[in-house]
Structures are given as C-alpha cells and as structure tokens.
Amino acid sequence: MKQYYLKKTLGILKKEYPNLTDIELDEYRYGLESFYLTVTKSLIIIPIAFILGIGKELLILFIFFNLLRKYACGLHATKSWICLCSSSMIFLTLPFLAKNIVIPIQIKIILGIIAIILFLVYAPADTKKAPIIYKEKREKQKIISTILCTVFIISSILISNSTISNLILFSVCVESIMILPLTYRLFHLPYNNYKNYVMRYNL
C-alpha cells in the first residue's frame, strides 16, 4: 500500500513539475513517506490511547513533539513495524507517566539546560533518506529548533498544570535523544548523512 501511494503521488509530482532534480524528488519522497507512516501509525495509536484514557494527553504530546521534530529531525526506524512498536511504547507510556508523576522544578531545569545544549550541538540530525544537504537550511533549522526547545522548557517550568508541564518536557527529552549520534550508533544507522552528498557533488 505504501509503495503504491508513493508511486502515484511521485508520479503526479513528476508530471506537474518535470524540472524537479533527483535531490528534490528524494526530499519529496521522504516527506510523503513520513506523512504516510505518521497517519497510519496515528490511526492505530490514537484509538488505543483514548481507550486507555490518555487520548488528550497523547494529542498534546504529539503536537509538541512533532513541532520539534519538524526542525530538529532525528532518527527514523528502518522498518514500518519497528516504527509502530517503538512509537507505541513511547507515546502510550509517556502520557500515562505525565498524569501520574510530579517532577521537581530543579530536575526540569537541569533536563532543560541539557536539552538546549544538545539541540545547539546536534540539531538538526538528518537521515540517509533525507540528508539536509544545504548548509543554510541546516543552520536555519538549528536556530528554529533550539528556540522552540528553549520556549518549551520555559513553558514546562512556568505552567502550573503538572500533566501539561510533563508532556512538554517529555517531548523535548524524547527529541533530544532522537538527534544524538549515540542513538544512531546504537541502531547502526549513519549520522551526518549530508556529508556524503557534499563530498559526492564536490568531486
């Protein structure tokens, strides 16, 4: 089903925009694939979350996490089923924890400072399928993602609602892990993939 969807949508793009380069087509392919996986994954996870009574919390977590991920990017599972299993574990566990634990403000501040540093150093983290080739784009995404991270951390500290505060903090922490070189290494995935393209086009 996924391959049929990609083939059809990319075919329409090629027909409408025949001057698209291979790099641009790869970027569109990755974006379309990510959209497809997000929708199909959400159709499974969201109903389960509402059955478990954490539906609203899940949606809040989704919003903040995906805002960060849009600019900071980060690791993607190589298989759809791995993505579904890992996402289910993360996004069904964290809303439950957010409702049932209280995180001291000192811990939030420490985690927030660490996260901001990680975003400054490692964001954005690209993937093999979607390398961020252009330096200007990488710099722009680093600035935006770091600003978002900082705003989220401040919001998490200031918001009095413990559940929402925890959800915002969790979204930052998960995305911080997703952009680490160590995380890529643990899953045997290449890091800084844009360098391969830069080297290739400089030859």
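Keep in mind it's a predicted model, so treat the numbers as computed, not measured.
- The line from CG of L67 to CD1 of I144 is 11.5 Å long, rounded to the nearest 0.5 Å.
- Taken from CG in N192 to OH in Y122, the straight-line distance is 10.0 Å, to the nearest 0.5 Å.
- Both I107 and I113 belong to a common hydrophobic cluster when Ile, Leu, Val, Met, Phe, Trp and Tyr are linked at side-chain heavy-atom distances under 4.5 angstrom.
- The ring of Y134 has its center no closer than 6.0 angstrom to the ring center of Y194.
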key: Evaluation steps, side chain to side chain contact (heavy atoms under 4.5 Å, CB included), between I103 and F170   = CA-CA 11 Å; I103 302 174; F170 288 161; 3.9 Å; yes

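- Summarising the geometry, atom CD1 belonging to I168 is positioned 10.5 Å from atom CG belonging to L68; distances are rounded to the nearest 0.5 Å.
- Linking ILVMFWY side-chain heavy atoms closer than 4.5 Å, directly or via other members, places I116 and I109 in two distinct hydrophobic clusters.
- Counting only distance, with no hydrogens or angles, the side chain of K99 and the backbone of G53 share a donor-acceptor pair below 3.5 Å.
- L148 and I63 fall within the same hydrophobic cluster, where Ile, Leu, Val, Met, Phe, Trp and Tyr residues are linked whenever their side-chain heavy atoms come under 4.5 Å apart, directly or through other members.
- Residues N166 and I101 come closest through the heavy atom pair ND2-O, 2.9 Å.
- Scanning all heavy atoms of the two residues, the minimum distance from A125 to C73 falls at O-CB, 3.1 Å.
- The hydrophobic cluster containing L61 also contains L59, counting ILVMFWY residues as joined when their side-chain heavy atoms lie under 4.5 angstrom apart, directly or transitively.
- Of the candidates S86, S88, S87, L84 forms a side chain to side chain contact (heavy atoms under 4.5 Å, CB included) with just one, namely S88.
- F50 CZ to I45 CD1: the interatomic distance, rounded to the nearest 0.5 Å, is 13.0 Å.
- In terms of heavy-atom proximity, G74 sits nearest to I179 at CA-CG2, 4.1 Å.
- Side-chain atoms of Q141 come within 3.5 Å of backbone atoms of Y71 as a donor-acceptor pair (strictly under, hydrogens ignored).
- Heavy atoms only, all atoms of each residue included: F119 and S145 are closest at CD2-O, 3.6 Å.
- With hydrogens and angles disregarded, no donor-acceptor distance shorter than 3.5 Å links the side chain of S162 to the backbone of V102.
- Although no hydrogens or angles enter the test, the distance criterion places no donor-acceptor pair under 3.5 Å between the side chain of R69 and the main chain of E175.
- In this structure, N161 contributes its side chain and I164 its backbone to a donor-acceptor pair below 3.5 Å.
- Formation of a donor-acceptor pair under 3.5 Å by the K142 side chain with backbone atoms of P124 is not found in this model.
- S165 and K108 form a side-chain donor-acceptor contact under 3.5 Å, judged by distance and modelled atom types alone.
- Not one N or O on the side chain of Y191 forms a donor-acceptor pair closer than 3.5 Å with the backbone of R185.
- Considering only heavy atoms from C-beta on, K128 stays 4.5 Å or farther from L189 through its side chain.
- Within the 3.5 Å criterion, the main-chain N or O of I143 finds no donor-acceptor partner in the side chain of T146.
- For F65 against V174, the heavy-atom pair with the smallest separation is CE1-CG1, 3.7 Å.
- Between I159 atom CD1 and I154 atom CD1 the span is 11.5 Å, to the nearest 0.5 Å.
- Closest heavy-atom contact between P47 and S42: CD-O, 3.6 Å.
- Taken from CG in L94 to CD1 in I60, the straight-line distance is 13.5 Å, to the nearest 0.5 Å.
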key: Criterion side chain to side chain contact (heavy atoms under 4.5 Å, CB included) on C83 and K41, from CA distance to verdict   = CA-CA 8 Å; C83 179; K41 179 175 62 181; 3.9 Å; yes

task = Would you please test I90 and M178 for side chain to side chain contact (heavy atoms under 4.5 Å, CB included) and show each step?
result = CA-CA 12 Å; I90 294 170; M178 292 291 189; 4.2 Å; yes

request  = Could you walk me through whether L167 and F64 pass the side chain to side chain contact (heavy atoms under 4.5 Å, CB included) test, one step at a time?
outcome  = CA-CA 8 Å; L167 289 169; F64 285 99; 5.8 Å; no

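- A single hydrophobic cluster is seen to contain both L186 and L75, as judged by linkage of ILVMFWY side chains at heavy-atom distances under 4.5 Å, directly or through other members.
- Of the possible donor and acceptor atoms, none in the side chain of N193 sits under 3.5 Å from a partner among the backbone N and O of P131.
- Formation of a donor-acceptor pair under 3.5 Å by the S156 side chain with backbone atoms of F152 is not found in this model.
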